[in-house]
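Before any comments, here is the structure.
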2 protein chains.
Amino acid sequence: MPKRVDHAQRRAHIADALVRVAARDGLHAVTMRAVAAEAGMSLNLVQYYFDTKAQLMHAALQHLEQQSHERWSAQLESLDDPGSARACLEALVDEALPVDADSHTFQLVWTSYAVLAMTDPELAEQPFIEGPNRLERQLTSILATAQAAGEIAAYLDVSAEAARLLSLGHGVGISVLVGQRSAAQARYLMRYHLSRLFNDPTPPEAPGQHLTAVS
Amino acid sequence: MPKRVDHAQRRAHIADALVRVAARDGLHAVTMRAVAAEAGMSLNLVQYYFDTKAQLMHAALQHLEQQSHERWSAQLESLDDPGSARACLEALVDEALPVDADSHTFQLVWTSYAVLAMTDPELAEQPFIEGPNRLERQLTSILATAQAAGEIAAYLDVSAEAARLLSLGHGVGISVLVGQRSAAQARYLMRYHLSRLFNDPTPPEAPGQHLTAVS
DNA sequence: ACTTTCATAGTACCCCTGTACTGTAAAAGC
DNA sequence: GCTTTTACAGTACAGGGGTACTATGAAAGT
């Protein structure tokens, strides 16, 4: 019953399948046939909606980026006090860390793409440079207003603090993904960082024993 | 002239070739034939020294780890004042960041392996969990003595500080590898972090303009 | 009603990859 | 001096990968 079909929706469905395969088996295991099987369609249909594998890969990356952007926006709008920098940053931490299955998947696949981009400059430009830069600027302005309000010390370099926060989040996320740290330990680390940023004398409650999963 | 040959040296030569290929074209481009060509030998020789590709990959990873360990040890011993925690940490930063071609290569390939390990638990255990944990413990003890000497504030969680330093370094390194930040900007960020850790009121000299490469 | 277009299926092709098999000259062992 | 081992080369094979080609019902247009 071949009715008229929404191409955008079909493409999103396929991109989702790709992300699931990549999260489960790794980005190197993403093949046209594997994506087709995961999406529950024939190999040819995947090629019908994406002429080439490179296009599919690129589309899935954009799909990922957009989803992440939407999650981040939603998280921001769900804040009780949108003006509180502290609450905003804690929301960022909760969203950026691979604490639930969704963000775990996102972080893993995103990082896989990032590694791919390291040796494929054409892939890198838009998502991995402009995207983070935009986030960093956004964060910098949040920190600047917090600094103006006296929430964080005046001698801090807000631009550096924004970069530090994002890079630290990325690094901690990776340590979780490889299994070095648990999500709870990562959360503690990031909250500890925030407590240092806001010059909070009492650190957050500690997680189970140590900061590394295995002794 | 088939004389008796040092197998360990041959294996190291091949592993080096693998690392070069991975650094140039990505770990996904590492194939038996590509490694053989890069090493200047026939395909069969590579298989002669490594029965299977999995063994080769594993050996190259161990090779990388050992090299990194040696570089780190050498850097530590070349310090003027081995007791100075600040100098030690700055040495760590200089070695961990992809500032020169060697550490750029190392960081890139290492991260590629790390991503591989995220979906291949068998690969992860030894190098990506035990290795970082060891480094983290080492750092923790350095920080603890610095704390006892009053160089860093008493209320800091040295274990968390060690983890923060390493994860931040990793995250910043990745931002350099994808081309978001320059090596100089990364250096500034890490020195800024150290100045915060040691409660240094004057931040290090700023790099060119902003912290991100492109506006 | 007839044609065109759309969404889908099946299949085939060619290249690349890991691996195995066979061969060979030079050193080493006895 | 003969045999065995060692370090290498060449080639072949089977599987999987992306991609292209052809076919086919069902809807839509006119």
Side-chain angles (χ1 to χ4, degrees), chain A residues 1-22 24-61 109 112-113 115-116 119-120 122-123, chain B residues 1-61 63 109 112-113 115-116 119-120 122-123:
Chain A
M1 48 300 260
K3 250 193 340 197
R4 207 52 162 276
V5 164
D6 181 358
H7 272 226
Q9 175 188 324
R10 275 285 205 269
R11 284 161 171 269
H13 179 69
I14 296 175
D16 274 331
L18 187 152
V19 170
R20 282 197 302 274
V21 172
R24 180 174 4 103
D25 305 326
L27 199 55
H28 61 273
V30 165
T31 166
M32 295 268 131
R33 287 168 174 84
V35 171
E38 178 72 29
M41 48 177 68
S42 81
L43 161 63
N44 204 339
L45 263 206
V46 176
Q47 242 204 316
Y48 179 72
Y49 289 104
F50 298 97
D51 277 356
T52 177
K53 187 189 179 185
Q55 286 184 28
L56 169 59
M57 296 283 282
H58 196 75
L61 179 57
V109 181
S112 302
Y113 268 105
V115 167
L116 220 61
T119 52
D120 184 357
E122 163 199 6
L123 183 65
Chain B
M1 48 296 261
K3 254 195 333 198
R4 207 52 165 273
V5 165
D6 181 359
H7 271 225
Q9 176 188 323
R10 275 286 205 270
R11 284 161 171 267
H13 179 70
I14 297 175
D16 274 330
L18 187 152
V19 170
R20 282 197 300 275
V21 172
R24 179 173 8 101
D25 306 326
L27 199 54
H28 60 274
V30 165
T31 165
M32 296 269 133
R33 286 168 176 84
V35 171
E38 178 73 28
M41 48 177 68
S42 82
L43 162 63
N44 204 339
L45 264 207
V46 176
Q47 242 203 315
Y48 180 72
Y49 289 104
F50 297 96
D51 278 356
T52 178
K53 187 189 179 184
Q55 286 184 29
L56 169 59
M57 296 283 281
H58 196 74
L61 179 57
H63 186 63
V109 181
S112 302
Y113 268 104
V115 167
L116 221 59
T119 51
D120 185 357
E122 163 200 5
L123 183 64

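Chain A is the first sequence line, chain B the second, and so forth, proteins listed ahead of strands; every chain is numbered from 1.
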Which pairs would a plain distance check flag for residues 14-30 of chain B, meaning a side-chain donor or acceptor within less than 3.5 Å of a matching protein atom at least two apart in sequence or in another chain?
from     : atom 1 : to       : atom 2 : distance (Å)
Asp16(B) : OD1    : His63(B) : NE2    : 3.1
Arg20(B) : NE     : Glu38(B) : OE2    : 2.7
Arg24(B) : NH2    : Glu38(B) : OE1    : 2.4

Taken to the nearest 0.5 Å, the spacing of Met32(B) CE from Thr52(B) OG1 works out to 6.5 Å
Rounding to 0.5 Å, atoms NE2 (His13(B)) and CZ (Arg10(B)) come to a distance of 7.0 Å
Note to self: Please check: side-chain N/O of Arg11(B) versus main-chain N/O of Tyr49(B), any donor-acceptor pairing under 3.5 Å?
What the structure shows: yes
The correct set of residues in residues 37-53 of chain A placing a heavy atom under 4.0 Å from DNA chain C is Ser42(A), Asn44(A), Leu45(A), Tyr48(A), Tyr49(A)
When every non-hydrogen atom of His58(B) is compared with those of Leu123(B), the smallest separation belongs to ND1-CD1, 4.0 Å
Comparing Asp6(A) with Ala54(B), nearest DNA chain C nucleotide closer to 5' gives the residue Asp6(A)
Here the residues of residues 7-26 of chain B within 4.0 Å heavy-atom distance, strictly under, of DNA chain D are His7(B), Arg10(B)
In whole angstroms, the gap separating C1' of dG17(D) from NE2 of His28(B) amounts to 14 Å
Hits for side-chain contact (heavy atoms from CB on, under 4.5 Å) against Asp51(A), two or more places apart or cross-chain, chain-then-number order -> Gln55(A)
The ring-ring contact (aromatic ring centres under 6.0 Å, His included) partners of Phe50(A) (sequence neighbours excluded) come to none
Here the distance between atom P of dA12(C) and atom CZ of Arg33(A), to the nearest Å, is 13 Å
Next on the checklist: Below the 4.0 Å mark, does dG16(D) have OP1 or OP2 next to a side-chain nitrogen or oxygen of Thr31(A)?
Outcome noted: no
